[in-house]
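In what follows, every chain begins at residue 1, and chains take the letters A, B, ... in the order their sequences are listed. Keep in mind the model is a prediction, meaning the values are calculated, not measured.
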There are 4 protein chains.
Amino acid sequence: MPKIVDHDQYRRELLSRCFDLFAQKSYGSITMRYIAQELGVSTGTLYHYFPSKQALFEQLVEEVCQQEILMAIAELEFTQTLQETMDAMGKFLAKHEDYFIKLTYIFVDFCQHQDSKQMWSSRMFRRVDERSRQAISKVIGIEDSTVISLILSLIDGVILERLWGNEKVSFTEQCTLLGKMLTAYLPEHQLNRKLNYKSYSVN
Amino acid sequence: MPKIVDHDQYRRELLSRCFDLFAQKSYGSITMRYIAQELGVSTGTLYHYFPSKQALFEQLVEEVCQQEILMAIAELEFTQTLQETMDAMGKFLAKHEDYFIKLTYIFVDFCQHQDSKQMWSSRMFRRVDERSRQAISKVIGIEDSTVISLILSLIDGVILERLWGNEKVSFTEQCTLLGKMLTAYLPEHQLNRKLNYKSYSVN
Amino acid sequence: MPKIVDHDQYRRELLSRCFDLFAQKSYGSITMRYIAQELGVSTGTLYHYFPSKQALFEQLVEEVCQQEILMAIAELEFTQTLQETMDAMGKFLAKHEDYFIKLTYIFVDFCQHQDSKQMWSSRMFRRVDERSRQAISKVIGIEDSTVISLILSLIDGVILERLWGNEKVSFTEQCTLLGKMLTAYLPEHQLNRKLNYKSYSVN
Amino acid sequence: MPKIVDHDQYRRELLSRCFDLFAQKSYGSITMRYIAQELGVSTGTLYHYFPSKQALFEQLVEEVCQQEILMAIAELEFTQTLQETMDAMGKFLAKHEDYFIKLTYIFVDFCQHQDSKQMWSSRMFRRVDERSRQAISKVIGIEDSTVISLILSLIDGVILERLWGNEKVSFTEQCTLLGKMLTAYLPEHQLNRKLNYKSYSVN
DNA sequence: AATGAATGAGCGTTCATTCAT
DNA sequence: TATGAATGAACGCTCATTCAT
């Protein structure tokens, strides 16, 4: 009888504990010894669960992409007005700022190690994008793809600004402003907001 | 001291030719041998101009920060309407997309190797931010810091989306939309656009 | 003690199935994992039967030395003439060529891991040599030690030539030639072949 | 100006100093650290001259094959009788016994790491064989391929016996006996020995 | 100024071996 | 008995860096 270990479950646990490490040091700068040490296992064990450093990194990105944290935005209680919704989103993002910065470190690092065009066309990133868009769309009740792109890009941009330490930019402030701008802009194009919301609320 | 001039001039030339290399491979993954090879010099020569890999990277970031390409936005011909200005900015960004993506790779990599908070407080990034803000401010004729942050963040965000290969998002489209939103939003707060611009042109 | 019998029996079975493996990859290049895999057992099981890789190898050599295949030459039907005997021996060797090559790989490998002088003085090899000599002696009906050494050495040499892929040399051809040479050489020294053989058959 | 080192010459020097090492420990058991240490250089230097352990080994075999020591047999002063020639050959082989044993270790090891059939068909071994045959042929004045194979195989066989420590077999004894057997055997087939010799001596 | 040979610490990875089950 | 997860020393190899030329 072998030691009773759920191989796949333990692999995933190790993986999730790698998240912070790969956010802290880039793929090229982190060492398997360091990872093993931080995880409290031996390098041998690391290689028992992952065939190579490369594979470990790829599985990490895969795993991270399958997480649903962006979806969590969709769980925001839908507040009465667009403005309130945007404010809530700002708070949510601010709360998870560290997570999103780490995510960005890992994704940028990952893209640098691949041909990114090819990557995007691969399932992973496309799936993450799709899910994020749906979440945004659901929360603010807009389906205009360009507007959603703008919201997503703004979020990305704020993450990036925070990532390199810009303290002048904050999620709450930016989301609030975005709310105001959307409010000022949208009515002209999308008057039937409430209807949209109702149809969403059915789901 | 003509020799020193030559030395420094050659150092800068090598540095500028390192830009693409560090964008392609991250600091941790690139090797001095590879850099030397790509630059067509020996490793010995590399070490003649730069005391270490770390120093080379830092000097590269320093050099890049001193470049004025973001300022170039300010050189955009001031077109009559805000919308036209934003459209022109979109075109400008789209044209230099590759450059901005490379810049982002290098900056993110750099931040990952430092304590980013500490970095921001260092002169370099703060200076770049300040210059970018002034450029935006001048071009758009707006002084509201939060609005400028939003514009900057949106640009950063689109770069990031393009970096990881998202072809759904484009600079031109986003800038155009941003123009519309600003037009819809701003009048309420800032009707005297021309005046503002003039006051900037005085500085 | 039936259990011990089973244990030892299984150990020997594993050992015999290791023969091909150690002939294919040398001691230094083969791994316990690979052996276990090829044997269809776990590494744990391997260590249950053999205390170490070194011991496994030594037991393999020991086992191989105890095999009687060289003796099998003695089982050759004693044919009327020396020439016929040598021809039969050539056929026998050619038939088991692969086995002898593998044996040689293993023995050479083994010698390289020991101080060979010391090894020879160890019982194993001496025993194999002695048995081979007796077998040859019996079959050929000659006692002259130097002649037997020549026959043995020639066989070894042909194995070696075959081992490194020389297709110009063949057992049958060489044994036939050796038969002719012995026939031409021996009568002068040893005319009473039959008598000798009989004297051997008495032992 | 770089350090003045004849790269290829130094490479060959290192190579020749590897001969004993690879004879002592097999390819799979020797380590680059050990080789470097024994050669008195760093591992980095080793890799500066050889792209890999595999390549080092192959170059060693290549180098060894290009050596002319077997040819040296041909340099034996041609003594009056076949018997004297064989006796001289025996002495020559006995004198270089250690070298031939080492050579055998290396060749066997090499064959085990390749598909030997394929190897033989490759130039190296074939060339060595051809040269050896010519040397033998020249020295004893015989062209019969099977007889030459027998002589070569016998030499190989004695090397092998010596390699695994058999002290009962000696080059001088075996060569002397072989001389007698050839003398007894050849006249029937090859009466014009002197003629052959003369034709060789012309070359 | 420029080269590239030299170094040895350290990298990703593998290995024989141990041991809880 | 049999398994395979776990270990960490050691492997082949690479790296930033130094230095004689």
Side-chain angles (χ1 to χ4, degrees), chain A residues 1-7 10-11 27-37 40-56, chain B residues 3 6-7 10-11 27-37 40-56, chain C residues 3 6-7 10 27-37 40-56, chain D residues 1-7 10-11 27-37 40-57:
Chain A
M1 254 180 297
K3 277 186 191 174
I4 292 168
V5 176
D6 185 326
H7 189 96
Y10 191 47
R11 204 198 88 242
Y27 176 79
S29 299
I30 208 169
T31 72
M32 289 301 262
R33 271 166 186 70
Y34 178 77
I35 296 170
Q37 198 174 31
V41 299
S42 66
T43 56
T45 297
L46 219 47
Y47 278 92
H48 187 69
Y49 289 95
F50 308 98
S52 67
K53 185 186 178 186
Q54 177 75 24
L56 166 57
Chain B
K3 277 202 172 177
D6 280 350
H7 184 96
Y10 190 47
R11 205 198 90 244
Y27 176 79
S29 299
I30 208 168
T31 70
M32 289 299 264
R33 254 175 189 51
Y34 178 77
I35 295 168
Q37 202 173 28
V41 300
S42 66
T43 56
T45 299
L46 218 49
Y47 276 90
H48 186 72
Y49 288 97
F50 308 98
S52 69
K53 187 187 178 187
Q54 179 73 25
L56 166 57
Chain C
K3 276 201 171 175
D6 280 349
H7 184 96
Y10 191 47
Y27 176 79
S29 298
I30 208 168
T31 71
M32 289 300 263
R33 253 176 191 50
Y34 177 77
I35 296 168
Q37 202 172 27
V41 300
S42 65
T43 56
T45 298
L46 218 49
Y47 276 89
H48 186 72
Y49 288 95
F50 308 98
S52 69
K53 187 186 178 186
Q54 178 74 25
L56 167 56
Chain D
M1 255 180 297
K3 277 185 191 173
I4 293 168
V5 177
D6 185 326
H7 190 96
Y10 192 47
R11 205 197 89 243
Y27 176 79
S29 299
I30 207 168
T31 72
M32 289 301 262
R33 272 166 185 72
Y34 177 77
I35 296 170
Q37 198 174 30
V41 300
S42 65
T43 56
T45 297
L46 219 47
Y47 279 93
H48 186 69
Y49 289 96
F50 307 99
S52 67
K53 186 186 177 187
Q54 177 75 24
L56 167 56
F57 186 42

- Within this structure, what is the CG-to-P distance between A/Leu46 and E/dT14, rounded to whole angstrom? 12 Å
- Item | Minimum heavy-atom distance B/Ile30-B/Tyr34, with the two atoms named | CG1-CD2, 3.6 Å
- Watson-Crick or G-U pairs under 3.5 Å in DNA chain F, rendered as dot-bracket with [ ] for crossing pairs and | for another strand: .||||||||||||||||||||
- Counting any heavy atom closer than 4.0 Å, what does D/Ile30 reach on the DNA or RNA strands: base, sugar-phosphate only, or nothing? sugar-phosphate
- Item | Nearest-0.5 Å distance, CZ of residue D/Arg11 to NE2 of residue D/His7 | 7.0 Å
- Least distance between heavy atoms, D/Tyr27 atom then D/Lys53 atom: O-NZ, 2.7 Å
- Please report, rounded to the nearest Å, how far the P atom of E/dA2 is from the CZ atom of B/Phe50. 12 Å
- Task: Please report the shortest heavy-atom distance between D/Ser29 and C/Gly28, naming the atom on each side.
- Result: OG-CA, 3.4 Å
- Query: Does D/Tyr47 put a side-chain nitrogen or oxygen below 4.0 Å from OP1 or OP2 of F/dC13?
  - Reply: yes
- Query: Hey, is the side chain of A/Arg33 pairing donor to acceptor with the base of E/dG12 inside 3.5 Å?
  - Reply: yes
- Query: When the distance from CZ of B/Arg11 to C1' of E/dA2 is rounded to whole Å, what number comes out?
  - Reply: 18 Å
- Taking only the side-chain heavy atoms of D/His48 (C-beta and beyond), determine which of F/dA6, E/dG4, F/dT17 contains the nearest atom. E/dG4
- Task: Provide the closest heavy-atom pair for D/Ala36 versus D/Leu46 in the form atom of the first, atom of the second, distance.
- Result: N-CD2, 3.8 Å
- Note on the structure: Walking DNA chain E from its 5' end, the first of B/Tyr10 and A/Gln54 to be reached, judged by nearest nucleotide, is B/Tyr10
- Message: So which atom in B/Ser52 and which in B/Ala55 form the shortest heavy-atom distance, rounded to 0.1 Å?
- Response: OG-N, 3.1 Å
- Query: Tell me: OH of D/Tyr34 to P of F/dG12, nearest whole Å?
  - Reply: 13 Å
- Query: Roughly, in whole Å, what's the span from CG in D/Leu56 to C1' in F/dC13?
  - Reply: 13 Å
- Who pairs with D/Tyr47 by side-chain contact (heavy atoms from CB on, under 4.5 Å), at least two apart in sequence or on another chain? D/Met32
- Message: Which nucleotide wins on minimum distance to the side chain of C/Met32, given the candidates E/dA6, F/dT1, E/dA16?
- Response: E/dA16
- With sequence neighbours left out, write down each residue that passes side-chain contact (heavy atoms from CB on, under 4.5 Å) with A/Ser42, or none if nothing qualifies. A/Thr45
- Verify the contact: side-chain N or O of B/Thr45 to OP1 or OP2 of E/dA2, cut-off strictly under 4.0 Å; return yes or no. no
- Item | Spacing between A/Asp6 atom CG and F/dA5 atom P, to the nearest angstrom | 11 Å
- When the nearest nucleotide of DNA chain F is assigned to D/Gly44 and to B/Lys53 on a heavy-atom basis, which residue is associated with the more 5' position? D/Gly44
- Proximal nucleotide (of E/dG12, F/dT3, E/dT3) relative to the A/Thr31 side chain: E/dG12
- Query: Which of these nucleotides, F/dT18, E/dT17, E/dA5, is closest to any side-chain atom of D/Tyr49?
  - Reply: E/dA5
- Message: Just to be sure I understand the rule, does C/Thr43 reach a base, reach only the sugar-phosphate, or reach nothing, if contact means heavy atoms closer than 4.0 Å?
- Response: base
- Task: For A/Ile35, answer base if it contacts any base atom (sugar-phosphate contacts may also be present), sugar-phosphate if it contacts only those atoms, and nothing otherwise; contact means non-hydrogen atoms under 4.0 Å.
- Result: nothing
